[in-house]
Each structure stands twice: as structure tokens, then as C-alpha cells.
2 protein chains.
Amino acid sequence: MPRPRTSETAERIRAAALELIAEKGVQQASLREIAERVGITKPALYYHFASREELLRGLVQPLVDDVEELLARLESAPSHDAREMLGAYFDVTYRHRAITKMVMQDPSVLAHLDLAAAVDGWRRRLQALLFGPAPTLAQQTRATVAVGGLGDCTVMFTDAPFDELRRATLDAACATLGR
Amino acid sequence: MPRPRTSETAERIRAAALELIAEKGVQQASLREIAERVGITKPALYYHFASREELLRGLVQPLVDDVEELLARLESAPSHDAREMLGAYFDVTYRHRAITKMVMQDPSVLAHLDLAAAVDGWRRRLQALLFGPAPTLAQQTRATVAVGGLGDCTVMFTDAPFDELRRATLDAACATLGR
DNA sequence: GTCTATAAGCCGATAGAC
DNA sequence: GTCTATCGGCTTATAGAC
């Protein structure tokens, strides 16, 4: 058996943190409560994570990496249609929907992790992919409603089957764009 | 001069709290900093507000009251079309956009004020007004994207002229609904 | 109405034993 | 890897003088 890249305890800490954050919000999820849920003491957390910030960053990073990769891919091949692009974006947010939910329920966590500018950039880059580099206000609102609503649906309808939710969400988002 | 219903200092405290919340988020705006901005000490706040929770509740209540009144009015006269209803909802959120922004940037404040159920009810009642009492998933996603996006636009495009923003936002929301 | 002083508690983080 | 014990700092909130 190969040595694990990430320790099992660290994984359990991440899982407990995500659980607690989903229940109470980021700011309300203290290291004390996370440790309690894992069944260890608070100082033991510090053996696995240098700080609370590092723990949070580790949670958010997979989503950040996947969105950045997706946007880079779409920008390098600018021939895609809107439904295809929004579908790929939906898939990424759905795959990381626990983190998506956390970020949407408290966007201020992004500022604390110095990610606010990056995420603001996502919105701008998606707008550019949909409507070009200088969208009108009418186009900006359409993009905002479509992309924001896509995230809302990912987080809100957790009981719906994936395929059905994906189709319904993309239908709504594409209707918003007038496509 | 009649005795004021609300003291001037209490108003200045509310204004300073909203300012600070807009800058740093709800949880990060402490009573110490609010008092500092008003130019008084922290215990002096407690002469005007019994607790931090009462101060926050006072900030949110005008939005809550206006939305409840709007929904009751729409439900008592169910003959309105979608654009008219969404327009009225846009006007309310825009009039209270400072508080709307606060709630959207940290929805967890609603849970702390026991308002989460009420706001969840708003979504359900708006869906019922738009699509009847038992909407399909496709209709639920359309309503979610339209209503959520409307709030996003209220908060995001603060520099746009009201009339232009209102028209663009309602165009986008109505396109989402397929109307 | 506002002040000084302080209580009581939670937070993130660290020291050092085992 | 996990523990006990603790530090410094922040929070909401109160007591009591002026």
C-alpha cells in the first residue's frame, strides 16, 4: 500500500469542517467545534493544518483550480456556444457543490482568502465569453442573472436528479441570455 | 418641535452600522467599531439598543415589512402579470438595497435573526404567484434564476441609473421565465 | 446620555509532556 | 499524533459614577 498523499485524519477534519460550515456558515464554524466533531482536541488540528486560514484555503482550492482551468480552456478555443459553456460551468460548480454552497452562503470568505478579485474576474471573463469584451448593461444583467442563477440552482435543488436538474437549469439560463 | 419617535443618535448608530457592514460584512462589524465611527463609546450603544441582535433586527425589519406587505397584496389580487410582480419586487429590494446587499453578502444573518424560514417562504410564495402552487422542477429553476438574479442585479450595478437598470433587469428576468 | 471599569466567554494559536 | 494547560486578544454585555 502506497503512502497516502493526504493523511486520513486531515481528510476527516476537512469533511467535518465542510459539514459544520454547511450547517452554520463559515464564520460560525470554529476550530473547537470542528475538532469536537472529529473527536480530537483543538491543538491536534494544528498538527495537520498550520492555521484556520490554511484549512479553509484547502477546502476552496479544488473549485478555484477547476474553474480557472475551465475558463482558460474556453478562452483558448472561442468557438463554443453559450449552452455548451454554461453547461461546463454548471458541471464544475455541481462537482464542488459543497464548496459552492459555502461560498454562496458567505461570499466574504473569499475576501479573507484574497480570492475576491479572482472570483470577480470569473464573472467578467464569463461575460466576455458570452457577449464580448464590452457588454452593454442589458447584456451584463443577462449574464449576471444567468450565471448567478446557475449557481443558485446548483446549491438549492440538492434532491433533484443530476440530469434533470442540469437540463432545467441550462434551459433557464439560456432563456435568460435569449439564446 | 415634537418629540422624535427615534432619537437622532440611534439613527446615527444605524447609519454607521450599515456603512461598516457594507465595508466588512455583518459578522466583522463589531459594536466597538460602530461606536468608534459614531464617536461614542461602546456602552453608550446599549442606552439606545438592548443588544447587538436588536440593532441588526432594526436594520432588516423595514425590508421584511415591505416584502411581506407586497406579497400579501399580490396574493390578495392574483390577476397580475409576471413583469408587474417582478417589477414591484425589484422596487422593494432596490429601495432597501443597502440591506438587500447585506443579506445577500451574508445570508447567515437571517438564521441568527430567525428570519431564514420567512425568507425561504418569500421564494416559495413568489414561485406560487408565478407558476401556481405545485411548480415543476423546470418552473422552479426558472423562478429561482429570475428572482435570485433580480436581487443580484440590484446589488451589483450600483452605478447604473435606476430606470435603465430596472428595465434591463426585468427584461432579463422575464426572458428567464419565458414571458 | 455618556462615561470608566470590568465581567465572562469564545476565539485562534502555542508550549511542552507523552 | 494527540494531549493538558495556557496566552493574548477580541467579543457582547453590565455596573455604577457623572
Side-chain angles (χ1 to χ4, degrees), chain A residues 1-60 102 106 108-115, chain B residues 1-60 102 106 108-115:
Chain A
M1 196 149 47
R3 218 177 316 130
R5 279 178 183 275
T6 61
S7 86
E8 191 192 327
T9 304
E11 264 323 304
R12 287 172 56 215
I13 292 170
R14 267 189 274 264
L18 260 187
E19 264 183 41
L20 210 60
I21 285 168
E23 293 171 18
K24 319 185 26 169
V26 182
Q27 308 286 343
Q28 284 71 30
S30 71
L31 296 184
R32 179 186 59 81
E33 277 185 294
I34 294 168
E36 205 168 78
R37 183 162 300 205
V38 175
I40 60 179
T41 61
K42 190 171 53 165
L45 288 182
Y46 283 88
Y47 176 83
H48 302 276
F49 299 94
S51 67
R52 176 186 156 87
E53 182 178 335
E54 188 187 291
L55 170 57
L56 290 182
R57 197 175 296 278
L59 292 178
V60 175
M102 158 181 146
D106 187 358
S108 70
V109 69
L110 296 173
H112 193 262
L113 295 175
D114 293 319
L115 287 171
Chain B
M1 194 149 49
R3 217 178 315 129
R5 280 179 182 275
T6 60
S7 85
E8 192 192 328
T9 306
E11 262 326 302
R12 287 172 57 215
I13 292 170
R14 266 190 274 265
L18 259 187
E19 264 184 41
L20 210 60
I21 285 169
E23 292 171 19
K24 318 185 30 168
V26 183
Q27 307 288 340
Q28 284 70 31
S30 71
L31 296 183
R32 179 186 58 81
E33 276 184 296
I34 294 168
E36 205 168 77
R37 182 161 302 204
V38 176
I40 60 178
T41 61
K42 195 171 44 164
L45 287 183
Y46 282 88
Y47 176 82
H48 301 277
F49 299 95
S51 67
R52 176 185 157 88
E53 181 179 334
E54 188 187 291
L55 170 58
L56 289 182
R57 195 174 296 278
L59 291 179
V60 176
M102 158 182 147
D106 187 359
S108 72
V109 69
L110 296 173
H112 192 263
L113 296 176
D114 293 319
L115 287 171

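In what follows, chains are A, B, ... by sequence order, proteins preceding strands, each numbered from 1.
Closest to the B:Ile40 side chain, of the nucleotides C:dT2, D:dT4, D:dA15, is C:dT2. Distances from the side chain of A:Ser51 to the nucleotides C:dG1, D:dT2, C:dA13 place C:dA13 closest. When distances run from any side-chain atom of A:Leu31 to the nucleotides D:dA13, D:dT2, C:dA13, the shortest one goes to C:dA13.
Regarding contacts with the backbone of D:dT11, every side-chain N or O of B:Arg52 stays at 4.0 angstrom or more from both OP1 and OP2. A sub-4.0 Å separation between OP1 or OP2 of C:dC10 and a side-chain N or O of A:Arg32 is absent. Distances shorter than 4.0 Å separate some side-chain N or O of A:Tyr46 from OP1 or OP2 on C:dA13. OP1 or OP2 of D:dT2 sits under 4.0 Å from a side-chain N or O of A:Thr9. OP1 or OP2 of D:dC3 lies within a sub-4.0 Å distance of a side-chain N or O belonging to A:Thr41.
Side-chain atoms of B:Glu33 and B:Gln28 include no donor-acceptor pair closer than 3.5 Å.
One atom, CG of B:Leu45, and another, P of C:dC3, lie 10 Å apart when rounded to the nearest Å. Rounded to an integer number of Å, the gap from CD of B:Glu54 to P of D:dA13 is 10 Å. Rounding to whole angstrom units, NE2 of residue B:His112 and C1' of D:dT12 are separated by 11 Å. Spacing between atom CD of B:Gln28 and atom C1' of D:dT12 amounts to 16 Å, rounded to whole angstrom units. Summarising the geometry, the separation between NZ on A:Lys42 and C1' on C:dA13 is reported as 8 Å, rounded to the nearest angstrom. Protein atom CD of B:Glu53 is 12 Å distant from nucleotide atom C1' of D:dT12, rounded to whole Å. Remark: P of D:dC10 and CD of B:Gln27 are 18 Å apart, rounded to the nearest angstrom. Distance NE2 (A:His48) to P (D:dT2): 4 Å, rounded to an integer number of Å.
To the nearest 0.5 angstrom, A:Leu59 atom CG is 5.5 Å from A:Met102 atom CE.
Summary of the strand contacts: A:Ala50 and A:Ser30 both lie near DNA chain C, and taking for each the nucleotide with the nearest heavy atom, the more 5' one is attributed to A:Ser30.
Taking the side chain as every heavy atom from C-beta outward, B:Gln27 and A:Ser108 never approach each other to under 4.5 Å.
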Give the intermediate values and the outcome of salt bridge (charged side-chain N to carboxylate O under 4.0 Å, His left out) for residues B:Arg12 and B:Glu8.
-> CA-CA 6 Å; B:Arg12 287 172 57 215; B:Glu8 192 192 328; 5.3 Å; no

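Taking the charged nitrogens against the carboxylate oxygens, B:Arg14 and B:Glu11 do have a contact shorter than 4.0 Å, which makes a salt bridge.
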